[in-house]
**Q** 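This is the structure, below, for whatever I ask next.
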Amino acid sequence: MEITFTINNEKRSLEVSPHQRLLDIIRKDLGLTAAKEGCGKGECGACTVLFNGEPVASCLVLAPQADGAEILTVEGLISREGELHPLQQAFLDTGAVQCGFCIPGSIMTGYRLLQDNPEPKREEVRQALAGNICRCTGYQKIVDAVQLAASRMQSGGDSSWAQDL
Amino acid sequence: MENSRRNASGRPKASGSDFEAEQENIQELGREVPVGSADYLAPKSLKKALEYRSRYGYKAVVIAGGTDIMVDYFERLSEVSSWLDLTKIQDLKEIKFGPEKIRLGSMVTHRKLATDSRIRENLPLLAESASEVGAWQIQSRGTLGGNIVTSSPAGDALAPLLAYQARFILGSVSGQREVAAEDFFTGPKENVMTQEELLIEVVIPTPREGTLSRWKKVGKRKAMIISSLTMALLLELDDKDEITAARAAYGAVAPRPIRATELEVYLTGRKLTEISAGKAGELAAQEISPITDIRGTVDFRCQVTRDITEQALLGFQQE
Amino acid sequence: MGTRFVGKKVNKVDARQKVTGEAKYTEDLVNDFADLLHIRVLRAPHPHAYLREINVEPAREVAGVVEVFTAADFPELTEFGLIIKDQPVLVGIDQKMRYLGDALALVVAETDAAALRGRDRIELEIEELEVVDNPLRSMEQDCIQIHEDHEIEVTHYLDPEMCCDNILSDNYLDKADVKKGFAEADLIVEREYQTQFVEQLPLQVEKGIADYDEESEEIIIWAASQWLHDTQADIAQAMGVTKDKIRIKQPVIGGAFGKKEDISVHIHLALAARELKRPVQLIYNREESMIAQSKRHPQIIRHKTGVSSEGKLTAWQTEMIMDTGAYASSGPAVVRNAMFHCTGPYQAPNVRAACYAVYTNNTYCGAMRGFGATQMAFAYDSQMDVIARELGMDPADFRMRNAYQPGSTTPGGEKLELGVNVRETIAEARRLSSWREGDNNA
């Protein structure tokens, strides 16, 4: 069956089967491989994408359910000029990236949090990111990254990471 | 909303619980049961959904948020011959606040329950329990109706629904019926629904002002965890601080969510200040019938039930 | 000393690709292959059994299944393993499966769904044996032998009644005179500690792709490994080919934590790619990764410690029995590492230790963060708390009194000269945790 949806601000039509998951069509059919599969059962958060504005485990969404949906992945955060989103930059600057497998998912949840809550407290970041497991256990720096991005986005500019922390 | 019954359903039991039975179920459903050419039915109206339900029954696997059913069919989606997807039915996503009753559509998500200010104000047990389902990713998709129809004893919404004396509206092509939350669940992952029916709405009597309530979820982690046990405790007080009604509901401590009626009898008619929190805890622990499984032993569940009940009452007394 | 980087913040070289999603992990490469075949592995239905018959014909009949391989297809195969070669690539007829992760057959198909369906149709006949799930049972006289062909000579007996058939490795150390140390003690404390299996759980499970170059007869494998060249050598020896025929191209790894030191998908991929002359992929799911690949070793640790009434350690004796599971993996090294950490960062003048790695039918254990030292840490620091309580001393003071200083010697006799910061660490931990004031100079 054919479905139509918007992904990273681009309208796409795709022939899908109900044997596929949203994660499969994003990774295989569209070739957007940032979102990862860590468990396939909605436990780890590595496959998190924004689906109609909310973070979801894309391994738990049936492909046809994406008909009419608006989807955003990490690939969609980069500007046309190739500039990183402040949150991506903050993940770099705080050293939040280790093996990197959880990062695309963590960034998407963090991105959504900052829409609701532009100045999240540490505990609020931890709560929001509870569904994104990092087995390198880099949680402190991931929380640092979200808060650093928040402060940079609030001040409207980019300053050196060391001053912000 | 994952409609299922263990015996007749085309849906396997919880993943990993019984692989052979799962295989049998899948074969029983199999590919040899064609449902026309449509593998995926996503009606926009409830009426159409009920027609499909009447026509295909368990042969079409009902999917709402998918947060349970997609786990059950992990790597075996190709063995589902037909899906009945309820996510396009807008009517089922509505919340209506009346003077007497609050009506929640079965497709309302946990996230909506957790963040809606009127739900938080009027039904705090439900809002708090929804905020502890999985994590954000699960709350975005998982629905109240799915939690109910999956009927896992550990379902986080179930104890609050019992405490609020919720009633479930079940619909089919031949009409509607109303079932009290307490009568709905018949065993682990079992309920009274037939293969013709869908859960349409949850109706909760609007709690009186001055109602006290406590929600507690105990699990091995703070997030992304199936509950080891849950408690929803609700007291109605008159202006002399006397308890006029008490409802104590627990999840994951029996084959289905239960109310501790002995405890409720003990609490009702007494002044809040005269209650022995310790005795209340003991009564609760005596009334549950838990099992030992990967989420906790019998001893653990009894002790924790006692402790959280006692702490909840001490908390009320201090307020 | 260079000044370009030392003391400065430097971004990791691959961090940018990881925040944009451009970094290529194994599974991100599958789109680069047009006609990739899918493998599913049939694993042991029982943790300890002889395979008597295997019928793969029903699997071959499944639409989409290209080929099904069993041990019979590869008579040249030998066993593999990081330290001791004791693990079969595929369990053959009349050979034993020793844990639930042992591979019995490889089903290769055009789609993953077909491979799964084929796998589930394979028929087996097995002869079940006693399942040994506990290392103490493994060491009993009447216990069944798990590896009949792996004889080891045990020289240091915990107990003369002990059966050594299932012991993978025994280790022993003596420092000074432990008997004399116990004679000098005012208090002797004996306790047993147990630790459990721990799953490393890297967020990325085991995955791989392999292709075969007919001209050069090279097998190219894209899969994570923590020991690239050891993995290459082990694959080559197991398959009976020279190392130059095995090329491993290491994609970005999504975490390993020791779990990816062992061979997982590699040899199965290599065999299928070579036989079918087509690119193949093998992607575990989380359950398979948990069942088939290594864990942290559970240990039973018995400490007997002598201490003077002033709170100075006089003697420390440790017995440790470690469940290494069905195969050796890193077990022989982990058990030694654990043994040499038996007193932790505390100075004991007289030490004796006897430590065993024992086969069972549990999932095999291997490397994980800390490599044996973490289990010991739980046991020796628990022991220190117990002793402090019995002496009526503050546990931080008691630790401070026995902590390593420059010039201390370890149980292995190594003299510590530089970088001995235990006392500073205890003082700082005390400050950060607002632990009650004590005598940091005790």
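Lettering follows sequence order; numbering is per chain, from 1. Fair warning: this is a prediction, and the values are worked out from it, not measured in the lab.
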**Q** Return yes when atom CZ of Arg278(C) has more than 12 non-hydrogen atoms of other residues, nucleotides or ligands closer than 6.0 Å, and no otherwise.
**A**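 Buried by this count: over 12 neighbours within 6.0 Å.
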**Q** Chain C: which of Ile133(A), Leu84(A), Ile107(A), Thr73(A) shares the most heavy-atom pairs with it under 4.5 Å?
**A** Leu84(A)
**Q** Among Glu75(A), Lys36(A), Glu37(A), single out the residue with the greatest number of heavy-atom pairs under 4.5 Å to chain C.
**A** Lys36(A)
**Q** A quick test of your reading: do over 12 heavy atoms of other residues, nucleotides or ligands sit less than 6.0 Å from CG of Asp35(C)?
**A** yes
**Q** Do you know which of Gln200(C), Arg16(C), Lys207(C) has the most heavy-atom pairs under 4.5 Å to chain A?
**A**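 Of the options given, most contacts go to Arg16(C).
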**Q** On a heavy-atom basis, which atom in Cys99(A) and which in Gly254(C) lie closest, and how many Å separate them?
**A**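 The answer is SG-C, 3.4 Å.
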**Q** Using every non-hydrogen atom in the two residues, find where Lys18(C) and Gln98(A) come nearest and quote the distance to one decimal.
**A**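 Scanning both residues completely, I find the closest heavy atoms to be NZ-O, 2.8 Å.
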**Q** Please walk me through it: do Ile78(A) and Glu22(C) pass side chain to side chain contact (heavy atoms under 4.5 Å, CB included)?
**A** CA-CA 12 Å; Ile78(A) 303 159; Glu22(C) 292 162 301; 5.6 Å; no
**Q** Hey, is CD on Glu70(A) packed in by over 12 heavy atoms from elsewhere, all under 6.0 Å?
**A**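 12 or below, so no.
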**Q** Should we count CD of Glu424(C) as having more than 12 external heavy atoms under 6.0 Å?
**A** yes
**Q** Between Arg286(C) (side chain) and Gly38(A) (backbone), is there a donor-acceptor pair under 3.5 Å?
**A**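 Side chain of Arg286(C) to backbone of Gly38(A): a pair is present.
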**Q** In Å, rounded to the nearest 0.5 Å, how long is the span from CG of Asn31(C) to NZ of Lys28(A)?
**A**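 Taking CG in Asn31(C) and NZ in Lys28(A), the distance rounds to 8.0 Å.
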**Q** Under 4.5 Å from any heavy atom of chain A, what part of Asn11(C) do you find: side chain, backbone, both or neither?
**A**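 The side chain, not the backbone.
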**Q** CD of Gln127(A): more than 12 outside heavy atoms within 6.0 angstrom?
**A** no
**Q** Highest number of heavy-atom pairs under 4.5 Å with chain C: which of Leu77(A), Leu32(A), Thr33(A)?
**A** Thr33(A)
**Q** Specify which of Cys39(A), Cys136(A), Cys44(A), Ala34(A) makes the most heavy-atom pairs with chain C at under 4.5 Å.
**A** Cys136(A)
**Q** Would you find a donor on one side and an acceptor on the other, under 3.5 Å apart, between the side chain of Arg135(A) and the backbone of Leu201(C)?
**A** yes
**Q** Is the shortest side-chain N to carboxylate O distance from Lys41(A) to Glu287(C) below 4.0 Å?
**A** yes
**Q** Is any side-chain heavy atom of Arg369(C) closer than 4.5 Å to a side-chain heavy atom of Thr137(A)?
**A**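 In short, these two side chains touch, coming nearer than 4.5 Å.
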**Q** Can you name the nearest heavy-atom pair linking Phe101(A) to Tyr25(C), along with the distance?
**A** N-OH, 3.4 Å
**Q** Which one, Ile103(A), Leu92(A), Val74(A), leads in non-hydrogen pairs under 4.5 Å with chain C?
**A** Leu92(A)
**Q** Does Gln250(C), at its CD atom, have more than 12 non-hydrogen atoms belonging to other residues, nucleotides or ligands within less than 6.0 Å?
**A** yes
